[in-house]
Amino acid sequence: MKTVDELSGAFRAQGLRVTPQRQAIFRLLQGNDEHPTVDSLFELARAQMPTISLKTVYQTVHDLEALGEVALLDVGTGSVRVDPNVEHAHHHMICTRCGKVRDVLVDVGALRIPARERRGFTVDDVEVHFRGVCDECAARPR
Ligand SMILES: [Zn+2]
Ligand SMILES: [Zn+2]
């Protein structure tokens with residue numbers, strides 16, 4: 001993900017406003033590999049900046065997505081997750097108990113659909129979700 005200064009520049013270049021609230025969200029996403037929900041980003045931002053609104057967080061995340069700076073994922077955990085790792089193609093492991101989402105850098109290039117199954121469909125992206133139980137949940141008695 002770009003730095004806070006680079007993101008601020010990219011926003012201004014698009015005619016989007018850069019406010020301290022928006023920059024707080026840029027900062028929270030730097031190097032963030034937790035795939036936070038918009039609600040959890042809002043909670044984190046509010047701890048630093050009590051005046052921030054959920055609407056601002058939504059708007060900023062959507063503007064970041066429109067600029068290609070974050071990906072919004074629906075991995076079946078009930079809410080959209082924000083992924084600032086747009087530089088490296090990757091897949092995800094999803095814990096079905098706690099909803100944790102982790103990046104996995106595995107090559108699924110060998111995954112091909114036979115022509116008779118594809119029926120003329122052109123595939124240009126493959127996204128794999130590995131579902132299971134994370135180490136922390138596995139160590140915790142149910
Ligand atoms: Zn878990
Ligand atoms: Zn990811």
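Position 1 is the first residue of the sequence, and the numbers go up from there. Just follow the structure's listing: the first ligand is 1, and inside any ligand the first atom is 1.
Among the atoms of Asp103, an N, O or S atom falls under 2.8 Å from the Zn ion (ligand 2).
Using a 30° and 60° split on the angle between ring planes, His90 and His92 fall in the perpendicular class, above 60°.
The Zn ion (ligand 2) lies closest to atom OD2 when only the N/O/S atoms of Asp83 are considered.
Residues Leu67 and Phe11 form a side-chain contact, since some pair of their non-hydrogen atoms from C-beta on lies under 4.5 Å apart. Put simply, the side chain of Phe42 does not reach to within 4.5 Å of the side chain of Thr37, judged on heavy atoms.
Vertex the Zn ion (ligand 2); arms to His90 atom NE2 and His35 atom NE2; angle 170° (nearest 10°).
At least one donor-acceptor pair under 3.5 Å links the side chain of Thr60 to the backbone N or O of Thr56.
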